[in-house]
Amino acid sequence: MRFLALIAVIITGIILIYGSVDMPDWGDPHSPASLHVSPRYIEKTMEETATPNMVTSVLADYRGYDTLGETTVIFTAGISCILILRERKRRKKRKINPKNPTNHV
Amino acid sequence: MFDLIISKYNYWIYIILMMIGFYAMIGKKNLVKKIIGMNIFQTAIILFFISTASKKGGTLPIIMHGHGAHAVKAASYINPLPHVLMLTAIVVMVSTLGVALAIVIQIYRRYNTLEENEILRLNK
Amino acid sequence: METIVSIRPLLAVLVTLVAALLIIFTGEKHRNLREFWTILASLLKFSIVISMVPFVLDGKILKYTIIALTPGVSLQFRVDQFGMFFGVLASALWILTSVYSIGYVRGLNEHAQTRYFFNFAICLSATMGIAFAGNLLTLFIFYEILTVATYPLVAHKETEEAIIGGRKYLVYTLTAGIVILFATIFIYSLTGSLDFKAGGFLLGKGSSATLTFLFVILILGFGVKAALMPMHEWLPTAMVAPTPVSALLHAVAVVKAGVFGCLRVILYVFGPVLLHKLDLWLILAYFAAFTVIVSGLYALAQDNLKRRLAFSTINNLAIIVMGASLLSPNSITGGIFHIGSHGFMKITLFFVAGAIYVKTHKENISELDGLGRQMPLTFGAFAIAAMGVAGTPPVCGFISKWYLAIGALEAKQVVFLFVLLISALLDIAYFFPIIFNAFFKSPKEPVNPHFNEAPMRMVVPLMITAIISLILGIFPNAFFNFFNLASMAAGRILGGM
Amino acid sequence: MMLQAPVLIVVIPLMFTFVALIFGLWKKGLCYPIVLIALSLSFLATLQTLNIVITSGIIHYRLGNWNPPWGIEYVVDYLNAFVLPVISFVAIMVAIYSKKSVEKELSDKVVYFYCIFLLQVTGFLGITVTGDMFNLYVFLEIASLAGYALITMGEDGAPFASFNYLIFGTIGACFYLLGVGYLYAATGSLNMADLARLLPDLYGSKVILVGFSFFMVGLAIKMALFPLHVWLPDAYTYAPSSVSALLAPLMTKVGAYVLIRVIYTVFKPYFSIEILPAATILCWIAAAAIIFGAAMALAQTDLKRMLTYILVSEVGYLALGVGLGNRNGLTGAILHILNDAFMMLALFMVVGAIMYRHGGRRISELRYLHKKMPFTMAVFVVAALSVIGIPPTCGFFSKWYLILGAINAHGWIFVAVLLASSLLNAILFFRVIENIYLEPHDGDIVENHDMVAGAEESPLTMLVPILIAGAGILSLGVLSGKIISTIIQFAIPAGF
């Protein structure tokens, strides 16, 4: 099993390295990501959103809907934790291992 | 070749991190170790995204001189979009972590162990 | 060729479906009401079918398109002479079978009667759908419904044996269904259409290797329900079903649906011209002839009456396929007509088997000695039908065999004349002892020598079918120009040549 | 209001989650009607969207009124307009169905359960409606997180199964995110339409190849495509009945939708068919999935677990249709999204109803159920026939197009696999049906038969959705020609 995992990891790594060869260099100001879409956020942020912090303007305005999703994720996680962790008050704990009835977390 | 390694070192770092995390996720038997691996994996991805944002000569994506003084040049600020995406992704990851830990607690309550092998044995 | 848009074929299919629903919602509590639905639906269905006969005899075709299923193919009904022939046969026999069934299940106090009548009705719907299907996909849809609806009937007794019989039935027919499905889709991908056409529609639509392959798998597929050897194995096993089921489904609906499918493929999908071109007709005819002889021999070896009838069915179905594959006008006429005449005769024989079973609980031929004196009507009918199957005038089997024989000569294939002769001899060999022993041999254990028949609800239908067999032998056109339907269908097919 | 339909699809269930939470904490009983209202409204919105798409073409809905590559947009074309109503309809059915089983299985957590339930549906709808790669990831995670939580609520083995699912799901989601990252690094865009425009110039780039392969693997995990399905059988077996009834029909279908979206819309079809052998590989994997799923299902004695393996096999159908890469194959796959959703819905709801009434679900323990629950069992039979592919049920028609597509692609092995899987499914289901309906008896057991028919029929809130699903299976088959000619033929991505 560990061997398989190792192989899977190495294959993934090789694929990633293979792909990185064609990646733009680190800090390349002419990489596609710097030239398409993002310049507008930088250049127009004051004009369009009146926010000097571009991360804020993108987060809360240009891509504000993602942030709604993000908060929903947190909400989901919160409710999930309540759902999972809330113990029924009078339920008998189902212990698989009766020999070791240590107190649980 | 050497150039390649130097100029793209950010990718090599993230790939190594990712491999470590990925291995822990699928190779380790302890559930908490799996979760730690998951976090390393996700951190690697964050690193990758953030590194695509950098520009040589760019500064933090916050306009410093107030507005209207001079036209803002895209090249002088680093790309804000990956940061935004990663803010969202971090939240997603934290949430996943939370749910994962909650499930692990539930598993521990039932089996009194976090070792995969033992759980599989008890499950029979 | 004039076509009329008419909803009647749809109604003919739907009426039994509705009846099936009524039956299941009426349930066990109101038996009489439930049986009333069956009878009502059968009468309604018959009258709807009959109302279409005049149009068809005029050479018109009734069509009804329900909904497009896929580009170029619709769920469509199309009533031509051949379909009409099968429709009349199935709906007419259903009335009698319904009456008989009621007698049978009540006589034996069968369990799960509601399920029984429900599935029966579904089967009839499906059969009617097969008869009136306008294209291969519609045919296939109803064919599969028939397969599934028959399964609970085959396994009805729920004994170990019945369940195994049901499994075997399913394995054979579902595999066949898959093969047919593949061929259907293949043809669709070649032509973009699946509509039946007298004389075939595949001519020039693919390489001869492809078409040969398609023909082989289609015949193999439909051949399973038509019980062509070596795919016949399920039929004798399925005889574990209650007798009315064997009667209607294994003498009329299911196996005839298989034969009907074979004939549709031979005559309406591929067509005589193409089959002559591919030289497949003779191969198929020999294939069928082989089944005719071998199944006859098998039948001789059976002691269980229903199993013997099953092999006799296999024998006659192969004769039909053989007739159609000879592709001469008279052989096709004979083949189609034999679907009907064999239906009437074989259902009589099965009814007799059921009547004997209900009255005496005897299933084996060796136990029937002397029973003729106790049940003269039943065995009289048996004698008529058995003679007919063997091809003795004046029973209707003679007519079909006569035309088949002429057809064999027309096609200049004398071999098949001999095949027919041998099969007739075999028929006599396996039926005559039964009749003789029943009437003239003294029973091993004393039976009641006095008149002591099965319930009238069973005897009357079997008398009627026997008499119809006789009448059809003397006046082939006695009912709704029965014979003309067959010969018109043959003419239409070969007219396309 | 009507113009806002695309966003309302997602926002309604999302907002009603809070409503349900607040009112639920006040009065527990209010949750159920609120969920029903939310899902019904959302369903209406999906119908309205579909209507708009049919009458006036593709909808572009710009969220926050920012133009596409900069802001997020919802793009509803025929494909997702077709998938959306399926999702919300299935969700309504499961919501109606869930009442009794949730009361029984999760009595003190009803409120939270329904909140997560709504969020789960929100996630599915959000994945389907969006036109932005990253937004899709966010909603994918909402759906996944909700799924992990819901599955954890199940039987004894559920938390561990859910944990495995979480690990696999996170790997899948991370791979997807990596794919997004690679595409972003190569193009600078996250918008699907923008990517579709920019990508063809870059098809030679290794970045794109790697990004594409990460998408494929990530989505394969999410849609449980063999051999990455390992999380599915345990998770769906142990999950509470209404949860498996929700997840089994939807999760895999949404995954399949995203797969079609990514490989045929974001990438041009010729990329995965001609430049890479991706489609061919997908076909072979799918064929393996179909056979493997059916074979594993044969080995099961537990009805629900058997169904989960059948689901694995059904995912194979979807992937095969996608991989065949021709019109007919894709028609089959898209039609199968609808058909399989209904089939799985019916089957998992029936199993849930059996467990609710009967307790057990071992195949050998199901005798006489047709007497006790005649309608439920009738639907089971209908759904089974549909999985086998008996006409006129809907399963037959998806199989028809898949086989047609395989013939068009000259993939004879795939034809054989599809045909053989019908037989395997027949064996599988008739084994169960035999167990339910036919009892070998020799007369003395007949007395058992006088139990009152229908005495233990599922409660009405369960029975109604089950019957609707059954009726759907029957009618969708006959209507499939209509569905294809009005919607699906336009839903097939450009380039075929």
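Within every chain, numbering begins at 1; the chains are lettered A, B, ... in the order of the sequence lines, protein sequences first and strands thereafter.
Side-chain atoms of A:I42 and B:P61, non-hydrogen and from C-beta on, never get closer than 4.5 Å to each other. Put simply, the side chain of A:M54 does not reach to within 4.5 Å of the side chain of B:V84, judged on heavy atoms. Here the side chains of B:H83 and A:L59 are not in contact, with every heavy-atom distance at 4.5 Å or above. Residues B:S7 and A:W26 fail the side-chain proximity criterion, which asks for heavy atoms closer than 4.5 Å. The shortest side-chain heavy-atom distance between A:Y62 and B:P80 does not fall under the 4.5 Å cut-off.
For chain B, the nearby part of A:S80 is the side chain; its heavy atoms alone come within less than 4.5 Å. Contacts of A:N53 with chain B are made by both backbone and side-chain atoms, with heavy-atom separations under 4.5 Å. For B:L60, no part lies near chain A; criterion is any non-hydrogen pair under 4.5 Å. Contact annotation for A:T45: only side-chain heavy atoms (C-beta onward) come within less than 4.5 Å of a heavy atom of chain B. Proximity to chain B involves both the backbone and the side chain of A:R2, based on heavy atoms less than 4.5 angstrom apart. Contacts between B:M18 and chain A at a heavy-atom distance below 4.5 Å involve the side chain alone, from C-beta outward. A:T12 touches chain B through its side chain: at least one heavy atom from C-beta onward sits under 4.5 Å away, while N, CA, C and O do not.
With sequence neighbours left out, B:K55 forms a side chain to side chain donor-acceptor pair (under 3.5 Å) with no residue at all.
With B:K56 contributing its side chain and A:P29 its backbone, the two residues share no donor-acceptor pair below 3.5 Å.
The heavy-atom pair separating A:L85 from B:A102 by the smallest distance is CD2-O, 3.6 Å.
Here ring-ring contact (aromatic ring centres under 6.0 Å, His included) pairs that include residues 14-38 of chain B, with residues two or more places apart or in two chains, are B:Y14-B:F48, B:F22-B:F41, B:F22-D:F175.
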